[in-house]
Amino acid sequence: MDGSVAIVGAGIGGLSLALSLHARGVPVTVHEQATELREVGAAVALSANGLRPLAELGLLDELDAVATEPSELIHRGWRTHDRITGFAVGVDGSYRARFGAPYLGIHRAEFQRVLAGACPDGMIRLGSRVESVVDLGDRVELRLAGDEIAHAAVAVGADGVHSRLRQSVAPGSGPVYTGTSGFRGLVPVADVPSLPDPTAIQFWMGPDAHLLHYAIDPDAGRINFLAVLEGPDEWSGGAGPQAVPDGTLAAAFGGWAPAVREMVTAVPQSDRWPLYTLPPLNRWSDGRVVLIGDAAHTMLPHHGQGANQSLEDAAVLADLLVAPEARTGGHAAAFARYERLRRARTRKVQRSSLVTSDLLHLPDGDEAAARDARLAGLDPWLAWIHGVDARESTRALPVG
Ligand SMILES: Cc1cc2nc3c(=O)[nH]c(=O)nc-3n(C[C@H](O)[C@H](O)[C@H](O)COP(=O)(O)OP(=O)(O)OC[C@H]3O[C@@H](n4cnc5c(N)ncnc54)[C@H](O)[C@@H]3O)c2cc1C
């Protein structure tokens, strides 16, 4: 592709796309509204499908050094410490051997530090908020806060769940609140003395709620948790997280197993995060503007895939933007192929994440028992999500 790429958003998708394009000699500018790169939320679980492209960029050793590989993936019921399932992940090296990359729990600040640290000086423009993008036919014009203007050959909206660039591509579309919300926390492992298998990634499932947690840090010294509740029915007072009365989280998990109660009360209660999903967009690109990551397919976090799908998007789009097809057919050919390759995959993961939300919150009874029995078939689930090589059909494309 001729010309430069403007990426809007220095999140997980934006930074990884910037690195992939830069590695192939494409001039890139990343516009980030924040004046400093701060952690958004606490931690993130990166699976083999998302880490594989980062390994190909030479970043795996650095990530591995600051992350924890969970020993197992375990499901438990809400009342007791009994296991329902347990799948080996890092304990015997089988996950890494099978999928060609690890499964890592990492603090978001560390992840962002590794990605941003690999970008050359000047590539990321902090405090650069994009207000709108205008397609001029032969290039795009980005209108920035402060009446500044920037130009590029194409613009990539990597601007997250409440994406502004989405309005250029699919006007009127937007994320929908799912009627579920989450609390997040980072807890020293020593403060959860009852916790069985503290180095595992674990789901505790119960009526109208679940708790997911995994260890982070090289010594697995802290545990990142996401506690999800049904409700409130409506989300009012702004799209972002909100403070709610102290004790809300502790009360919701009051009758749960000791380890769960210890974990959710070990740190001050976080704000309550609304959880969103994005109804499928009719298109992911229009003219010279294209979307990746949450801007294109915001999903519930219950498969731990929002960030990983953003990494897949970035890797595929970078391949296509530097392929000869993009030189001869222009950006339109690259964008069309990108959408063809990515829409069905992300839709399937998104839909499965929604279904999983209900399954994780079943009351005790026959349905919960059937779910527990089905969890024995988790292996194929891991394979269809974690085993996919997003670049399978694009990696070998020549660079145009
Ligand atoms: C509670 C919770 C837990 C999660 N856990 C996991 C997990 O374990 N694994 C996983 O894979 N995913 C997880 N996710 C999902 C994951 O966080 C997102 O899918 C991922 O961050 C999306 O990456 P992105 O690059 O598309 O957007 P983001 O990472 O949100 O980045 C968007 C960036 O764009 C910037 N921006 C926005 N608007 C503008 C503008 N107008 N101009 C300039 N900059 C702008 C923002 O400041 C931000 O830096 C979780 C999500 C939630 C809510």
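What you see is a predicted model; the values in this text were computed from it and never measured. Just so you know, ligand 1 is whichever comes first in the structure, and atom 1 is the first atom listed for that ligand.
- When Ile12, Asp159, Leu142 are ranked by how near their heavy atoms come to atom 38 (N) of ligand 1, first place goes to Asp159.
- The heavy atom nearest to atom 10 (C) of ligand 1, considering only Gly304, Gly182, Ala227, is found in Gly304.
- Within ligand 1, the atoms closer than 4.0 Å to a non-hydrogen atom of Val8 are 40 (C), 42 (N), 43 (C), numbered from 1 in the order shown.
- For Ser310, every heavy-atom contact with ligand 1 shorter than 4.0 Å involves the side chain, none the backbone.
- Where the criterion is an N or O separation shorter than 3.5 Å, residue side chain and backbone included, Gly13 meets it with respect to ligand 1.
- Ring-plane geometry between Tyr276 and Tyr177 is classed as perpendicular, the angle between the planes exceeding 60 degrees on a 0 to 90 degree scale with a lower cut at 30.
- Considering each of Thr298, Leu46, Asp294, Val161, the one bringing a non-hydrogen atom nearest atom 19 (O) of ligand 1 is Asp294.
- Counting heavy atoms from C-beta on, the side chains of Val264 and Trp256 never come closer than 4.5 Å.
- The N/O atoms of Gly293, backbone and side chain alike, include none that comes under 3.5 Å of an N/O atom in ligand 1.
- In this structure, Leu359 and Arg371 approach most closely via the heavy-atom pair O-NH1, 2.6 Å.
- Judged by the 6.0 Å and 45° rule, Arg184 forms a cation-pi pair with Trp273.
- Without hydrogens or angle criteria, Asp313 side chain to Gly293 main chain gives a donor-acceptor distance under 3.5 Å.
- With Arg343 contributing its side chain and Leu281 its backbone, the two residues share a donor-acceptor pair below 3.5 Å.
- Note that Arg76 lies in the cation-pi zone of Trp204, set by a 6.0 Å cut-off to the ring centre and a 45° limit from the axis.
- With 3.5 Å as the limit, one finds a donor-acceptor pair spanning the side chains of Ser163 and Asp159.
- Classified by interplanar angle (parallel below 30°, tilted 30° to 60°, perpendicular above 60°), the ring pair His210/His361 is tilted.
- Under the 3.5 Å distance criterion, with hydrogens and angles disregarded, a donor-acceptor pair is assigned to the side chains of Ser181 and Arg272.
- Contact atoms of ligand 1 toward Leu226: 1 (C) (distance under 4.0 Å to a heavy atom of the residue).
- The shortest separation from a heavy atom of Ser128 to ligand 1 is under 4.0 Å, placing the residue in contact.
- Ligand 1 has a nitrogen or oxygen under 3.5 angstrom from a nitrogen or oxygen of Ala45.
- Ligand 1 has no N or O atom lying under 3.5 Å from any N or O atom of Arg184, backbone or side chain.
- When heavy-atom distances to ligand 1 are checked against a 4.0 Å cut-off, Leu165 has no atom that comes that close, whether in backbone or side chain.
- Within ligand 1, the atoms closer than 4.0 Å to a non-hydrogen atom of Arg129 are 41 (N), 42 (N), numbered from 1 in the order shown.
- Taking only non-hydrogen atoms, the option from Arg108, His31, His302 nearest to atom 50 (C) of ligand 1 is Arg108.
- Among residues two or more places apart in sequence or in another chain, the salt bridge (Lys or Arg N to Asp or Glu O under 4.0 Å) test is passed with Arg96 by Asp64, Glu69.
- In this structure a side-chain-to-backbone donor-acceptor pair under 3.5 Å is present from Arg108 to Ala43.
- Residue-to-ligand polar distances place Val130 within reach of ligand 1: an N/O pair is separated by less than 3.5 Å.
- Near Tyr214, with a cut-off below 4.0 Å to any heavy atom, the atoms of ligand 1 are 8 (O).
- For the pair Ala295 and ligand 1, the shortest N or O to N or O distance does not fall below 3.5 Å.
- Among Gly306, Pro301, Gly14, the residue whose heavy atom lies nearest to atom 51 (C) of ligand 1 is Pro301.
- Annotation: Ala34 places no N or O atom under 3.5 Å from an N or O atom of ligand 1; distance criterion only.
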